[in-house]
Amino acid sequence: MPIYLLDVIALSCFFICWAGYTGFARKKAKTTNCVARCLHQHRIHWMYEVIGRDIRVGEAALLANLERNIAFFASSTLLILAGVLTLFAQVDRLESVIGSIPYTEAPNHAMVQLKLSLLALIFVMAFLHFTWSLRQYGFVNVMIGACPFDDSGENENLNKYAEQMAVVQDQAAHAFNYGLRSYYFSIAALCWFFHPVTFILASLFVVYTLYNREFRSKAVKAITLGQQYLDHEFALRHSKNTVAVKSKPNNIDK
């Protein structure tokens with residue numbers, strides 16, 4: 001199998017972009033407002049509200065909607081993976097199609113198989129992330145079902161329990177995000193069939209797109225502002241409950 005230097009550079013750039021951005025986003029989210037960081041705070045507030053609701057039909061509907069979206073991607077990933085594996089039996093026809101496209105690199109049989117293998121690996125990873133996300137949302141359902149009802153909001157044990165529910169839901173959302181990120185990078189991998197330089201540019205463009213959407217989009221700004229409102233509302237409500245609890249014994253003494 002001939003090894004082309006430009007292909008090796010392009011493939012290395014692809015993996016560096018994917019792994020590098022994943023590590024960068026995980027580290028930056030700890031100190032910078034972004035989709036992952038702000039939505040985690042929203043999930044904590046959501047789970048606090050769950051404790052104060054005796055009837056939790058709304059939560060069941062919301063979680064079912066999230067699970068339905070993930071199940072759609074998981075099933076779609078299997079169909080795409082089946083299509084990619086089918087192409088291994090049609091490599092010759094695929095080479096003729098690629099060769100007929102203007103400005104593309106002359107196809108090589110072994111390199112085409114390697115490129116198909118990369119696509120298959122990406123969608124296998126995406127499927128594993130989506131199914132793990134589904135399982136974790138199932139864990140959240142169990143935890144909500146086991147959560148006692150407390151309308152006061154002053155039970156510290158239940159508040160900590162709510163935070164743990166938010167952590168599990170947050171991990172499920174991260175797994176779903178990793179699966180979606182695999183789809184983004186699969187588009188970059190498709191460009192490898194045309195030319196290694198296109199592959200490099202597409203990998204960089206995917207990183208640029210992900211960064212803008214997760215850290216600099218209008219949605220991030222709105223979610224961040226909403227988080228501040230929720231924090232203020234929670235602090236205000238908590239202070240009112242504290243005052244009410246402290247004033248109650250005085251009324252009894254009178």
Side-chain angles (χ1 to χ4, degrees), residues 8-48 63 66 69-70 73-74 77 118-119 121-137 139-140 143 159-192 199-232 234-235:
V8 173
I9 295 174
L11 186 59
S12 301
C13 178
F14 173 76
F15 283 118
I16 290 173
C17 286
W18 193 344
Y21 179 77
T22 300
F24 166 80
R26 186 185 295 115
K27 185 176 181 179
K28 190 174 180 62
K30 296 179 180 179
T31 58
T32 306
N33 287 327
C34 62
V35 172
R37 179 184 176 88
C38 295
L39 283 182
H40 177 62
Q41 299 301 319
H42 278 73
R43 293 185 186 103
I44 293 176
H45 287 295
W46 181 11
M47 293 301 109
Y48 281 155
L63 289 172
L66 291 172
N69 291 335
I70 300 170
F73 276 100
T77 302
L118 176 63
L119 279 177
L121 177 62
I122 291 173
F123 286 110
V124 166
M125 291 177 59
F127 178 74
L128 293 176
H129 285 308
F130 287 137
T131 52
W132 179 229
S133 178
L134 272 176
R135 289 198 63 190
Q136 291 182 100
Y137 274 115
F139 302 157
V140 175
M143 295 180 76
N159 286 338
K160 292 179 180 179
Y161 184 78
E163 292 172 4
Q164 295 306 311
M165 288 193 294
V167 169
V168 177
Q169 190 182 16
D170 196 53
Q171 293 302 308
H174 280 313
F176 179 58
N177 187 36
Y178 293 151
L180 283 179
R181 196 172 291 168
S182 300
Y183 269 68
Y184 277 86
F185 280 100
S186 69
I187 297 174
L190 280 176
C191 295
W192 196 13
F199 186 25
I200 295 173
L201 294 177
S203 301
L204 296 173
F205 179 74
V206 167
V207 171
Y208 173 78
T209 302
L210 289 173
Y211 176 77
N212 278 317
R213 292 185 177 182
E214 294 183 9
F215 290 92
R216 300 176 59 184
S217 64
K218 292 182 178 179
V220 173
K221 297 177 182 177
I223 294 171
T224 303
L225 191 59
Q227 174 200 333
Q228 295 173 1
Y229 292 144
L230 282 178
D231 290 338
H232 178 72
F234 179 77

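Predicted model only: the values in this text are computed from it and were never measured.
Within the structure, every pair that satisfies the side chain to side chain donor-acceptor pair (under 3.5 Å) test and touches residues 200-212, not counting sequence neighbours, is listed here: Y208-N212.
Using a 4.5 Å cut-off on side-chain heavy atoms (C-beta onward), L210 and F185 make contact. Considering only heavy atoms from C-beta on, V207 stays 4.5 Å or farther from F24 through its side chain. Residues Q41 and L230 fail the side-chain proximity criterion, which asks for heavy atoms closer than 4.5 Å.
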*Going through the checks in order, is the side chain to side chain contact (heavy atoms under 4.5 Å, CB included) test met by F205 and I187?*
CA-CA 10 Å; F205 179 74; I187 297 174; over 6 Å; no
Report, one line per pair, each donor and acceptor closer than 3.5 Å where one atom sits in a side chain of residues 125-133; sequence neighbours left out.
| from | atom 1 | to | atom 2 | distance (Å) |
| --- | --- | --- | --- | --- |
| T131 | OG1 | F127 | O | 2.9 |
| T131 | OG1 | L128 | O | 3.0 |
| S133 | OG | A172 | O | 2.7 |

Distance-only check: which donor-acceptor pairs under 3.5 Å involve side-chain atoms of residues 25-32, not counting sequence neighbours?
| from | atom 1 | to | atom 2 | distance (Å) |
| --- | --- | --- | --- | --- |
| R26 | NH2 | Y178 | OH | 3.3 |
| T31 | OG1 | K28 | O | 3.4 |
| T32 | OG1 | K28 | O | 3.4 |

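Partners of R37 according to the salt bridge (Lys or Arg N to Asp or Glu O under 4.0 Å) rule, which considers only residues two or more places apart in sequence or in another chain, do not exist here. With sequence neighbours left out, F123 forms a ring-ring contact (aromatic ring centres under 6.0 Å, His included) with Y183. With sequence neighbours excluded, no residue forms a ring-ring contact (aromatic ring centres under 6.0 Å, His included) with H174.
Contact between C38 and I223 at its shortest, heavy atoms only, is CB-CG2, 3.4 Å. Residue M143 comes nearest to Y161 through the heavy atom pair O-OH, 2.8 Å, listed as atom of the first residue, atom of the second, then distance. In plain terms, the two heavy atoms of M165 and V140 that are nearest each other are O-CG2, 4.3 Å. A pairwise comparison of heavy atoms in F199 and A189 identifies CE1-CA, 3.6 Å as the closest pair. Nearest heavy-atom pair across A175 and Q136 is CB-NE2, 3.9 Å. Taking every heavy atom of both residues into account, N33 and V220 meet most closely at O-CG1, 4.0 Å.
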